[in-house]
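Have a look at the structure below, then the notes.
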Amino acid sequence: MLARLAVSVVLATAAAGAFAQAHTPRIDQRQSNQERRIDQGVQSGALTAREAGRLDAGQERVERMEDRAKADGVVTRRERAKLTGTQNVQSRRIWKQKHDRQHARR
């Protein structure tokens with residue numbers, strides 16, 4: 001009886017650990033921040049519709065990468081590093097597009 005309880009506790013802990021590792025709150029928050037930056041650029045006229053569309057496609061690409069990483073229930077260090085690197089690239093693209101000489105016509 002005690003052995004069953006111990007096995008149950010170990011299995012529950014292992015399952016909770018795997019579940020916790022699939023959470024990506026920093027990545028999710030950064031995605032939200034970058035989407036907000038794109039929206040702000042559209043509203044201010046710093047981004048054209050075409051630029052915003054390309055940037056949105058980049059954000060969707062990061063989201064698909066995250067979904068694939070979470071598919072097995074664990075996001076590894078390597079997967080997190082790749083997601084962070086892709087978000088860094090996307091962040092630079094947002095900055096460049098918002099600060100180039102193209103502006104939306106009003």
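Count residues from 1 along the sequence.
The closest side-chain donor-acceptor pair between D39 and Q43, if any, does not fall under 3.5 angstrom.
The minimum heavy-atom distance linking G73 with A22 is given by the pair O-CB, 3.1 Å. Nearest heavy-atom pair, E51 versus A46, reported as atom, atom and distance to 0.1 Å: OE1-O, 3.7 Å. Nearest approach of I94 to Q59, heavy atoms of both residues: CD1-OE1, 4.3 Å.
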| request: Report the C-alpha separation of R93 and Q90 in whole Å, then their side-chain angles, then the decisive distance to 0.1 Å, and conclude whether the side-chain contact (heavy atoms from CB on, under 4.5 Å) test is met. | output: CA-CA 5 Å; R93 286 179 179 157; Q90 185 67 9; 4.0 Å; yes

| query | S44 and K98: side-chain contact (heavy atoms from CB on, under 4.5 Å), yes or no, with the steps? | reply | CA-CA 10 Å; S44 71; K98 285 180 72 175; 5.6 Å; no

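Here the CG atom belonging to D56 is positioned 9.5 Å from the CG atom belonging to L47, to the nearest 0.5 angstrom. Distance check, rounded to the nearest 0.5 Å: CZ of R101 to NE2 of H103 gives 8.5 Å. For the atom pair Q102 CD and R50 CZ, the distance stands at 9.0 Å (nearest 0.5 Å). Here the OG atom belonging to S32 is positioned 14.0 Å from the CD1 atom belonging to I27, to the nearest 0.5 angstrom. Taking CG of N33 as the start and CD1 of I38 as the end, the distance is 11.5 Å to the nearest 0.5 Å.
A donor-acceptor pair under 3.5 Å is absent between the side-chain atoms of R61 and the main chain of T86, judged by distance alone.
Residues T84 and R30 meet the side-chain proximity criterion, which asks for heavy atoms closer than 4.5 Å.
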Just list the side-chain donor-acceptor pairs under 3.5 Å for residues 62-71, sequence neighbours left out, or say none.
unit_1 : atom_1 : unit_2 : atom_2 : d
E66    : OE2    : T24    : OG1    : 2.4
E66    : OE2    : K70    : NZ     : 3.3
K70    : NZ     : T24    : OG1    : 3.3

